[in-house]
Amino acid sequence: MKKWYAIPALASMAMIGMVGCSTESSSSSLTGSVSEEQNVIRVNIADAQTHLAKYRRSVLESWDLSGSTADSTVSVDVDTTLQSDNFAVDADVQVEDDSTYTVASAGVDGDGAAWMIQVEGGAIVYSWRNHGNGDWHKFKTDKHIEKKTLANVRMERAGKIVVFWVNGQIIAAFKDDSGKVVQVSGKLTIGFDILVPGQCHCGNGSVEQIGVENIDEIEDTPIDSVQVIDTVETVVDTIDLTKDSVITEWIAEWDFNDAANVGLDVTGHGHNATAGEGTVVSDSGFARFDGESGLDVVLKNDININEFVVEARVKPTKFGTMQNIVVAEPPGRGVDGWILRVDEGVLTVHLRDTDKDGDDWNAFPGKEMVLNEWSDIRLERSADSIKLIQDGEVTVAAAYKGDLTQMAYNWSIGYDGMNQSFHDRYFIGEMDYIRFGVFKGFTVGAVVEKSEWLLAAWEFNEPTFVGLDRMANNSTKVAVGNPTVADTTVSLDGKSGLPISLSKVFQRNTFAVSARVKPIEFGEMQNIIAAEPPGRYGDGWIVRVDEGVLTVHFRDADVDGTEWNVLKGKELALGEWNDIRVERTADSVIVYQNGQRTAWAGASGDVSQLGYNIGIAYDAVNQAKHDRYFNGEIDYIRFYGL
């Protein structure tokens, strides 16, 4: 999409009273010619809503002026380091008469692009120019704002579509084709404008609260989707892996016995592994992986098959977040693949057929491995099932249909060949052998259907990457305040939080959230995770603690309007760990605390049409009137698809 507008971010946040500016509020006198509604095309409200659903929002800055005198204002310099192509201004405004009142303006004193949002005669007036010496354009809505009554006014620009709200309802929208713009320079003003000396359009109204937001397209984020399987009684089939009784045709085998050619394929089929990163050495027939090395295997047709068996004998010497044994498609890519890896000591298998799953991975956790001990692993993949055998015990037996043959990347042994920059996925330890072959038969064991998928997992096991999602897709790159990780938990001081960019993985109606938290101080509103900020008007859900009581808030704007449904659980134990699970099914919301159901309510509608970034331990909008930070420790927060 072609982007064209810049909104100033804020370098200084000092609130100042206006000096030397008349309170006269006559009609705006824009420099240059005024071309009202020229080069704009009115957009149907339903079409505007559909367009805006493609975008996510995050607040750059907000101000609370409710305790100030009527003529208090804000003026800050434009800071290009935080400029964005799309933006929104959201304000609670009260006007005293029908003359022009300026809610906010930006760049009118500069030599670049500029805009103003005003209220005149109960209508919202949006004026803009694309260049410092260019013509001003103006769009005016119908009357929707009553005098002497507080109203929420919002203007949002997403691409070339400009949309106006009053009290949570879209009242008008248009498409702007007026041309390419240059960046805004100068000042952002709130409660007045400085376009014409002596005419500030400021004495006939007031702004109680206002925020400036950044708008971005929602990414189609690739997801490492982990399947969670309920404990089932599986038939333990103790097999003798040395007799090769089930499979007879090996396509590739790396036994690491040749120190001079560590990656030699001893089957003679030519699938020799070469150094992908670092150096893998062989000693006494064992390949050693040091956490900085891995082997690369060129993808060929005979290993790009859907039904196969993988066997390996490995000895991990150190556990980590994601440690690959064999990767037949790197996480984060968008094609078919499978992965055998160790996640925090647990052996897991990941499968994906993109025709069936899209970007979602189906991953199956087995059981925890033992450090510094050899483990025999067998992975069996048939056309409709997956089985994992660890040291002769069936640890995964699950149904999975699909065709995994549309792979595109080379295989990797001991690491992720994509080597994504924000985390390493190296195996640390020794390998005796890895072999890959054609599927010939299935080990005995009960097969179960999958029930839920782990889509995001913030487990706080990486001190240098506080907001890492173990699935590697919904990680935060920034933090508010100073959240710190120690002993696999994140500590929050009541002033800290983690913003997570809204991606399509969160735009679902049926899901579950689990968390383990230890509050050290209670407050009025303390968010554990918020998928839409209070005070906004769209769909959303929130898990938080209100004066010590666990509460869940959910809302479908089409069904509930602006009202939140609030479900109250029980009080949390202060200074102690509390296990929490919230399930949102198609027709209910269920709350569990420490394994017991504490609240239940019927639920209608679809809460998936989210618009704001996700906030962990705080409200990502960070509204200026009040803070909503969790105070204490969080062991993990996990988000599942149901």
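These numbers were taken from a predicted model, which means no experiment stands behind them. Sequence positions, counted from 1, serve as the residue numbers for this chain.
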Do [X] and [Y] have their ring centres less than 6.0 Å from each other?
| X | Y | result |
| --- | --- | --- |
| W541 | Y612 | no |
| F630 | Y618 | no |
| W115 | F87 | yes |
| F460 | Y636 | no |
| W458 | F639 | no |

* Measure from NZ or CZ of R42 to the centre of the six-membered ring of F139, then state whether that distance is under 6.0 Å and the direction lies within 45° of the axis. => no

* To do: Look at the aromatic rings of Y55 and H51 and report parallel, tilted or perpendicular, splitting at 30° and 60°.
  => tilted

Between [X] (side chain) and [Y] (backbone), is there a donor-acceptor pair under 3.5 Å?
| X | Y | value |
| --- | --- | --- |
| N578 | E576 | yes |
| N631 | E521 | no |
| D469 | S475 | no |
| D353 | D403 | yes |
| N527 | Y629 | no |
| Q593 | K570 | yes |
| S588 | R584 | no |
| D336 | T354 | yes |
| N509 | V607 | yes |
| R57 | G611 | yes |

For a quick check under 3.5 Å, do [X] and [Y] share a side-chain donor-acceptor pair by atom type?
| X | Y | answer |
| --- | --- | --- |
| S206 | Q94 | no |
| E462 | T321 | yes |
| T189 | S105 | yes |

* To do: Take V552 and V566 through the side-chain contact (heavy atoms from CB on, under 4.5 Å) test and state the conclusion after the steps.
  => CA-CA 6 Å; V552 178; V566 181; over 6 Å; no

Are the charged groups of [X] and [Y] less than 4.0 angstrom apart, N to O?
| X | Y | answer |
| --- | --- | --- |
| D579 | R581 | no |
| E156 | R154 | yes |
| R555 | D560 | no |
| K148 | E96 | yes |
| R638 | E459 | yes |

* **Worked check of side-chain contact (heavy atoms from CB on, under 4.5 Å) between E213 and L60** => CA-CA 5 Å; E213 300 175 15; L60 294 174; over 6 Å; no

* Is there a side-chain contact between I117 and V125, using heavy atoms and a 4.5 Å cut-off? -> no

* Asked: Is the shortest heavy-atom distance from the side chain of H350 to the side chain of D343 under 4.5 Å?
  -> yes

* Under the side-chain hydrogen bond (donor to acceptor under 3.5 Å, both in side chains) rule, what do Q118 and T102 come out as? Steps first, then yes or no, please. => CA-CA 4 Å; Q118 299 171 306; T102 299; 3.0 Å; yes

* Run the numbers on V517 and I528 for side-chain contact (heavy atoms from CB on, under 4.5 Å), then give the verdict. => CA-CA 8 Å; V517 303; I528 295 172; 4.2 Å; yes

* Asked: Name the one of N167, D90, T562 that satisfies side-chain hydrogen bond (donor to acceptor under 3.5 Å, both in side chains) with N152?
  -> D90

